[in-house]
Amino acid sequence: MRTIADRTVQVVPAVLRQPRGASALLPWAWAAGLCVLYATVAVRRHLLLRTTGYDLGIFEQAVRAYAELRAPVVPLRGEGFNLLGDHFHPLLAVLAPLYRLWPSPLCLLVAQAALLALAVVPLARWAGRALGRRAAHVVAAGYGLSWGIASAAAFDFHEVALAVPLLAFSLEALGRRRWGPAVAWAAPLLLVKEDLGLTFAAIGVYIAIKGPRRLGVATAVAGLLGSLVEIALLLPAFNPGGGYAHGGNLSDGYGSLLSTLAHAPLDALRPDIKAMTLVLVFAPSALLALRSPLSLIAVPTLAWRMLSENGFHWGTAFHYSAVLMPVVLAGLIDALTVWRRADHPLAARHIRASLATVLAVTAVMIPSFPLAQLAQRATWRTTPHIEAARTLLARIPDGATVAASNRLVPQLTSRCTVVVFPTFPVDSKLYRYDRKHLPAPTAEWILHDARAPEAWPYKTGHWPYPIEQQLAELAAAREEHGYELVAARDGLTLLRRTAR
């Protein structure tokens, strides 16, 4: 016969039996540790002059403008260029108060580290409830050490950092069948980037299938309309050219809609790097996420990337896979939860084997991606070239206008008005490289670095123009445009415009 206490346990709501004490703190401990890890990688890269004007400098100029209660006009993208005409990310303004207190590129890098780390909380908490404490640790490690998050944390700052925790909390709510909170967490994705409305729509489709149909359909329609309005109306309204800045990434198709659709599956797998990326996206879950319908939420992001004409979108570098990692780990939890509920003699063994495989895959992949930089001696060594650069940077006064090499730009954006030298983009057109008719420099100062920079995730070399043309433009600045040499040291050249 059961006692009264036994019967009481049966009726206590699950929410009141949530993990307490050390178990409740476990996700937050992981978040704190991962934040320190990501911030360390990002800050060291910045101190070693490995961050770039494209993209850290661009985003700092935008957030700095918000902090000063101005429109996000970004000189790096062109004269008078409003960054809301590049990508639609008004939610960036939430970082303005923090930047006002700490006006530095490090502010954005640390904020990004915190946002990426925060996403581990709902995932680990959900895994702990559904699968136990050990599973919570495995999921936290699988997400936190995944290549998609590492690549984002180690390359400058990007707006998608805001989307990662929002999506993670929404996925946790979906897993617990809390449909309203899932929509509420995902709705701000519409203000992070124009393509994330499609992800919001995918969440709506999932809800329509698994939960209340009306809510799901309404969410899907809102997501689709949101992306459509942003791409067709809002972005062109802010863009100086009156169009979508990244429309050139879209394929022209095969002459007809039917033919384009017929070729789409093959185009999504050619060249080979696309197929490899598709496998690697789900690798942090040991491919088990593919068993969960939650993995369908990754389809919009994967689709536009694989069908894009921009080769940067196809691989594993940069920040493009960050929003996929919460989906993959959520799919893992969901897939294993089905086994946990199954009345099968081998269910427990299957879950343990799956978690062990996830840990093994995570460990194997770490050395190939940016977190491994922390184990490299070069990450902790300041070279004479870096010291020379800091010396010349210090000679540029606050408030000056500066044209600088790409890797030197984010060293100045917190205190100067900065553009890339030689001029790029031309006429605010991002992918236009007019090598014959570059505008004359007009900044008060020019700081140029002739050394080929540490290039990850780019190929080694100079950007945006070959070094020969950069040196020619540097010489023309002195010979034709009224600049005088202030200092030259270890491949670095500092020029100042003379009064005319």
**Message:** Please check: side-chain N/O of Thr277 versus main-chain N/O of Trp314, any donor-acceptor pairing under 3.5 Å?
**Reply:** yes

Name the atoms and distances for all side-chain donor-acceptor pairs under 3.5 Å in residues 35-43, with sequence neighbours left out.
from  : atom 1 : to     : atom 2 : distance (Å)
Tyr38 : OH     : Gly144 : O      : 2.6
Thr40 : OG1    : Val36  : O      : 2.6

**Message:** I'd like to know if the side chain of Gln373 reaches the main chain of Ala154, judged simply by a donor and an acceptor atom lying under 3.5 Å from each other, with no hydrogens or angles considered.
**Reply:** no

**Request:** Can you measure from CZ (Phe200) to CG (Leu196) and round to the nearest 0.5 angstrom?
**Result:** 11.5 Å

**Asked** With a 3.5 Å cut-off and no angle check, do the side chains of Trp30 and His137 form a donor-acceptor pair?
**Response** yes

**Message:** Measuring centre to centre across the rings, with the benzene-like ring taken for any Trp, is Phe421 within less than 6.0 Å of Tyr465?
**Reply:** no

**Request:** Give the C-alpha distance, both sets of side-chain angles, the deciding distance and a yes or no for side chain to side chain contact (heavy atoms under 4.5 Å, CB included) between Leu280 and Trp147.
**Result:** CA-CA 9 Å; Leu280 289 175; Trp147 64 266; 4.0 Å; yes

**Item:** Heavy-atom check, side chain of Val409 versus side chain of Val402, under 4.5 Å
**Value:** no

**Request:** List the atom of Ala93, the atom of Pro97, and the distance in Å for their closest heavy-atom pair.
**Result:** O-CD, 3.7 Å

**Request:** Please name all residues satisfying side-chain hydrogen bond (donor to acceptor under 3.5 Å, both in side chains) with Ser151, sequence neighbours left out, ordered by chain then number.
**Result:** none

**Message:** Minimum heavy-atom separation for His313 and Ser308, please, with both atom names.
**Reply:** ND1-OG, 2.7 Å

**Item:** From Thr199 atom OG1 to Leu324 atom CG, the distance as rounded to the nearest 0.5 Å
**Value:** 8.0 Å

**Message:** Please check this pair: side chain of Ser285 against backbone of Leu329, looking for a donor-acceptor N/O pair closer than 3.5 Å.
**Reply:** no

**Prompt:** Which residue pairs pass the side chain to side chain donor-acceptor pair (under 3.5 Å) test with at least one member in residues 113-123, sequence neighbours excluded?
**Reply:** none

**Asked** Does the side chain of Tyr244 come within less than 4.5 Å of Asn239's, by heavy atoms?
**Response** no

**Salt bridge flag under 4.0 Å for residues Glu172 and Arg125** = yes

**Donor-acceptor under 3.5 Å (Arg496 side chain, Glu484 main chain)** = no

**Complete:** Taking every heavy atom of Leu408 against every heavy atom of Ala389, the minimum-distance pair comes out as CD2-CB, 4.3 Å

**Message:** Is it true that Arg305 and Ser321 share a donor-acceptor pair across their side chains at a distance under 3.5 Å?
**Reply:** yes

**Arg50 side chain reached by Pro453 side chain, heavy atoms, under 4.5 Å** = no

**Prompt:** Between His87 and Glu159, do the side chains contain an N or O donor and an N or O acceptor separated by less than 3.5 Å?
**Reply:** no

**Request:** Look at the side chain of Ser146 and the backbone N and O of Tyr143, then say whether any donor-acceptor pair between them is shorter than 3.5 Å.
**Result:** yes

Side chains of residues 63-75: which donor-acceptor partners sit under 3.5 Å, not counting sequence neighbours?
from  : atom 1 : to     : atom 2 : distance (Å)
Arg64 : NE     : Glu68  : OE2    : 3.3
Arg64 : NH1    : Thr413 : O      : 2.8
Arg64 : NH1    : Cys416 : O      : 3.0
Glu68 : OE1    : Arg70  : NE     : 3.0
Glu68 : OE1    : Arg70  : NH2    : 2.8

**Prompt:** Is there a donor-acceptor pair closer than 3.5 Å between any side-chain N or O of Thr52 and the backbone N or O of Asp55?
**Reply:** yes

**Prompt:** What distance separates Leu235 CG from Asp86 CG, expressed to the nearest 0.5 Å?
**Reply:** 8.0 Å

**Request:** State the CH2-CG distance between Trp380 and Leu48, to the nearest 0.5 angstrom.
**Result:** 9.5 Å

**Residues Asp490, Arg451; criterion side chain to side chain contact (heavy atoms under 4.5 Å, CB included); working and verdict** = CA-CA 8 Å; Asp490 200 29; Arg451 287 277 193 95; 2.8 Å; yes

**Prompt:** Below 4.5 Å, heavy atoms only, C-beta onward: do Pro464 and Val420 meet side chain to side chain?
**Reply:** yes

**Asked** Hey, what do you get for CG (Leu447) to OG1 (Thr493), rounding to the nearest 0.5 Å?
**Response** 8.0 Å

Name the atoms and distances for all side-chain donor-acceptor pairs under 3.5 Å in residues 107-119, with sequence neighbours left out.
from   : atom 1 : to     : atom 2 : distance (Å)
Gln112 : OE1    : His158 : N      : 3.1
Gln112 : NE2    : Ala152 : O      : 3.4
Gln112 : NE2    : Asp156 : O      : 2.7

**Asked** Does atom CH2 of Trp28 have more than 12 heavy-atom neighbours, drawn from other residues, nucleotides or ligands, at distances under 6.0 Å?
**Response** no

**Asked** Looking only at atom types and distance, does a side-chain atom of Ser227 sit under 3.5 Å from a main-chain N or O of Gly197, one as donor and one as acceptor?
**Response** yes

**Request:** Would you check, one step at a time, whether the test side chain to side chain contact (heavy atoms under 4.5 Å, CB included) holds for Gln61 with Val418?
**Result:** CA-CA 9 Å; Gln61 286 184 340; Val418 193; 4.2 Å; yes

**Message:** Assess, by modelled atom type and distance only, whether the side chains of Gln470 and His448 contain a donor and an acceptor separated by less than 3.5 Å.
**Reply:** yes

**Item:** Under 3.5 Å donor-acceptor, Glu194 side chain and Phe88 backbone
**Value:** yes

**Message:** Taking atom CZ as the centre, does Arg44 end up with more than 12 heavy-atom neighbours from other residues, nucleotides or ligands that are less than 6.0 angstrom away?
**Reply:** yes

**Asked** Is the His319 ring parallel, tilted or perpendicular to the Phe155 ring (thresholds 30°, 60°)?
**Response** parallel

**Asked** Does any non-hydrogen side-chain atom of Leu191 lie less than 4.5 Å from one of His89?
**Response** no

**Asked** Does the Thr383 side chain pair with the main chain of Ile386, one donor and one acceptor, at a distance under 3.5 Å?
**Response** yes

**Asked** Do the two ring centres, one from Trp463 and one from Tyr54, sit under 6.0 Å apart?
**Response** yes

**Prompt:** Do the non-hydrogen side-chain atoms of Leu234 and Val229 ever get within less than 4.5 Å of each other?
**Reply:** yes

**Asked** Which heavy atom of Glu444 sits nearest a heavy atom of Ala400, and at what distance?
**Response** OE1-CA, 3.4 Å

**Exam field: side chain Thr391 to backbone Glu387, donor-acceptor pair closer than 3.5 Å** = yes

**Listed partners of Val94 passing side chain to side chain contact (heavy atoms under 4.5 Å, CB included), at least two apart** = Leu91, Leu162

**Prompt:** Between Ala289 and Val328, which heavy-atom pair has the shortest distance, and what is it?
**Reply:** CB-O, 3.2 Å

**Asked** Yes or no on side chain to side chain contact (heavy atoms under 4.5 Å, CB included) for Leu83 and Arg77, after CA distance, side-chain angles and deciding distance?
**Response** CA-CA 8 Å; Leu83 200 61; Arg77 281 291 279 111; 4.0 Å; yes

**Request:** Please round to the nearest 0.5 Å and tell me the distance separating atom OG1 of Thr51 and atom CG of Leu56.
**Result:** 5.0 Å

**Asked** Can Arg407 and Asp449 be counted as an ion pair, charged N to O under 4.0 angstrom?
**Response** no

